[in-house]
Structure formats: structure tokens, C-alpha cells
Peer 1: 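Please see the structure below; I have some questions.
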Amino acid sequence: MSKVVLENVTKQYENGFVAVEKINLEMPDKQFTVIVGPSGCGKTTTLRMIAGLEEITEGNVYIGDKVMNNISPKDRNIAMVFQNYALYPHMTVYENMAFGLKLRKYPKVEIKKRVEDAADILGIEPLLDRKPKMLSGGQRQRVAVGRAIVRKPSVFLFDEPLSNLDAKLRVQMRTEIQSLHHKLKSTMIYVTHDQIEAMTMGDQIIIMDKGKIIQNAKPISMYDNPINKFVAGFIGSPSMNFIEGKIAAEGNNIYFTNDDSVKLIIFKGHKNIMENYIDREVTLGFRPENVEDKLFVPDAKPYTSIKSYVDVIEPMGSELFIYFKNPSHNFVGRFSPKLKTTNGDIIEVVIDMERVHFFNNETEDVIV
């Protein structure tokens, strides 16, 4: 068993700054867990406490069923892959990968087998005689991962390992790390500020902000059911749109309205809950993919659309991102490239009211 458990873990520095506050978290055995959040949220500090590189102020860290608080990093049976690769420039790839095993006095035959097996998994066999300066960024990252693999650790820790790579290489390395996880069936904990990496790689996503866990869920569950406005805006690219307004009643119907002639009827499945917010200020949230040109939705119901001014068009090949500008709000939609429009057009777009979210303006928690 290589599950990792954090029990009321806190990290407070001597100046009084609390980087991580009373975190309770279980990362199951053999699972790929991603910790994501903005810079300064405490995610790397959390990873370093698991590794033993940061002292814990309060609480306990367990690997398996054993408390690790007073166990040195080298005795935790973990391997860490850093953002800057941390390769020894004067050593060959083989020597870099073998170094940790030599320190632990493994037999030469065992070291050779482990290095060659890891090199085979990562496709870097032809590079074993080269030094790091002769390698590309992607090759150096594979060597750093290989150095971790040869240890055969119970837990792999990744600290933003792809942030120094170009966009194409990041996509390729994401796939390779996922494939590695399937082959090794090890517990992996991966820290990133990139929510696309989090969504595509994680079995479980933990979102942190200001030293606290905000939400812990599977990727699609978090995308579809954010717990609050912060999570809703952080997960997704482009991020969720937000329009501030209020809930109003008219006859048997209730609507979301604002001062810019927006009047959207509340979906019947949300009506009972939103009736409690009549005459109260709320925030409407909807994803870019929940916006469609009315020309393509001929059966759209009344009061489900907004007329908007086209500000910026981003052609992405397989889709268009269109940014709309209005006096009191802006939003972005994801459209088919078949849509013909230009900057400055005013078009009517339909909002899928069944899939929107509403947020409490006071607490920013999700209402529906």
C-alpha cells in the first residue's frame, strides 16, 4: 500500500506566514493525483512536506500506514522530479540515472539493469552516453523521470515538471507521463498551475488557494459541478463566463436580469431553488461551449438569448473563440468554424440555461 494521507497538516514560517493550513487529504494507492492552483497557493509546499524537504509545523504525513514526519527524505521511498531537471552537468545520462543507486551501494549488475529498463520505457537508450548539455529540454526531462524510475519508489512526486517546455513538447510529455503511470501502476502526485494538465492527467484533482483545499474531485465532476466561483473560473479554458445580475419574478416565471437588457428565463429544474433568490443579487456562470448562434438553434425558447457585440475572433482551426463585449459584461463563446461573422457585428446568441450555474454574491458558493 502506497497511499499518501495528510492529517491536519499545517506549514507556518518563522515570520508567521501560513503557507498551508490544516489540510486533510487522502491520495489513494496507484492513483494519479494532481494538485493545482495559482502561484502561492501552497501546492509546492504541500508536495515538499510529503517529500520531507519542508518541515511540518502541525499534523501528520502518512505514506502507507507509517507516519513520515521524522523520517528523512532518503528513507521515505519516494522519488521527486523537479521543474529544473536537476541533472549533474559533468555526468552522462547513464551516470545521472545511476547516481542515486550507487549512493545506496546497489550491485553494478542491478544498476545496469534498472537504468537500461528505465531508458527502454522512456525511449532514451541512444542518449545514455551523452551529457545534459547535448540534450533538448524534452530529453532532459525524460532523463529526470528516468532517474526517478530506477529507484522503484512507492510514490512519485512531480513539481511542475513541464513548465520549462514549449507547448508541443508539453502535450507530448503529458501523454508520456500518463503512459508511464499505466505501466508502473505507482502512486503519483503531480503539482501544476496549469489547469489543462490537471484536467487531462489526473484521476483526482485537488484545487488549492491561499493554503487551503477548495475542492477535491474527479476532473469531469469538478468541471461540471464546481463548488464555488473560484473553482468555476479556474477550471476550463477559456474559463467560465460570469455576469452579475439579480433574480426577478414575472407571472409564473423567474428570470435572471441585469442592467444591459439581459433577461434569461430560469430552467425549470433550477426554479425551486432560485425562487429563494428573487430580488437578490447573484452571478450567472456559463461555459463557452454553452453559447450558440441563434441561427443554428431555430427552436430556441424565448428569453434564452443575448444580443452581443463581436469584439475579438480567435480562429483555432477546428473551432472559433468569439469574445463579446457589452456595456455591463463581457463573455466568450466556443463556436463551429462554419459561423461567419466579423469584428463589430451584433449577433444573437443562445445560452443553454439547463447547464448554467448561479453563485451567491456574498459567499461566492454555487447555488445550482
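For reference, positions follow the sequence shown, starting with 1. Side-chain atoms are counted along with the backbone in the values below, which use heavy atoms only and exclude waters and symmetry mates.
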Peer 1: For Lys74, does the NZ atom have more than 12 heavy-atom neighbours from other residues, nucleotides or ligands under 6.0 Å away?
Peer 2: no
Peer 1: Are the side chains of Glu21 and Gln12 in contact, using a 4.5 Å heavy-atom criterion?
Peer 2: no
Peer 1: Run the salt-bridge test on Glu197 and Arg174 with the 4.0 Å N-O cut-off and return the result as yes or no.
Peer 2: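 A salt bridge is absent here (no side-chain N lies under 4.0 Å from a carboxylate O).
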Peer 1: On a heavy-atom basis, which atom in Val349 and which in Phe335 lie closest, and how many Å separate them?
Peer 2: CG1-CZ, 4.0 Å
Peer 1: Which residue is it: Lys113, Lys108, Arg114? I am looking for the one with a salt bridge (charged side-chain N to carboxylate O under 4.0 Å, His left out) to Glu110.
Peer 2: Arg114
Peer 1: Please round to the nearest 0.5 Å and tell me the distance separating atom CG of Asp194 and atom OG1 of Thr200.
Peer 2: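 Between atom CG of Asp194 and atom OG1 of Thr200 there are 7.5 Å.
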Peer 1: Nearest 0.5 Å, please: how far is CD1 in Ile278 from CD in Glu250?
Peer 2: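 It is 11.5 Å, given to the nearest 0.5 Å.
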Peer 1: What is the distance from atom CD1 of Ile111 to atom CG of Leu101, rounded to the nearest 0.5 Å?
Peer 2: 5.5 Å
Peer 1: Before you tell me yes or no, could you show the steps for Asp299 and Val297 under side-chain contact (heavy atoms from CB on, under 4.5 Å), namely the whole-Å CA-CA distance, both residues' side-chain angles and the distance that decides it to 0.1 Å?
Peer 2: CA-CA 6 Å; Asp299 57 346; Val297 193; 3.7 Å; yes
Peer 1: Indicate whether any N or O donor in one side chain lies under 3.5 Å from an N or O acceptor in the other, for Ser163 and Gln83.
Peer 2: yes
Peer 1: What's the spacing between Asp166 CG and Gln172 CD if we round to 0.5 Å?
Peer 2: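 Rounded to the nearest 0.5 Å, the CG-CD separation comes to 9.5 Å.
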Peer 1: When rounded to the nearest 0.5 angstrom, what distance separates CD in Glu364 from CD1 in Ile227?
Peer 2: 13.0 Å
Peer 1: Honestly, is Lys229 close enough over Phe242, meaning NZ or CZ under 6.0 Å from the six-membered ring centre and within 45° of the axis?
Peer 2: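 Because its charged atom sits under 6.0 Å from the ring centre and within 45° of the axis, Lys229 does stack over Phe242.
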Peer 1: Would you say the rings of Tyr303 and Tyr255 are close, in the sense that their centroids are separated by under 6.0 Å?
Peer 2: yes
Peer 1: Using the ring of Tyr223 (Phe, Tyr or Trp, six-membered ring only), decide whether Arg287 places NZ or CZ under 6.0 Å from its centre and within 45 degrees of its axis.
Peer 2: yes
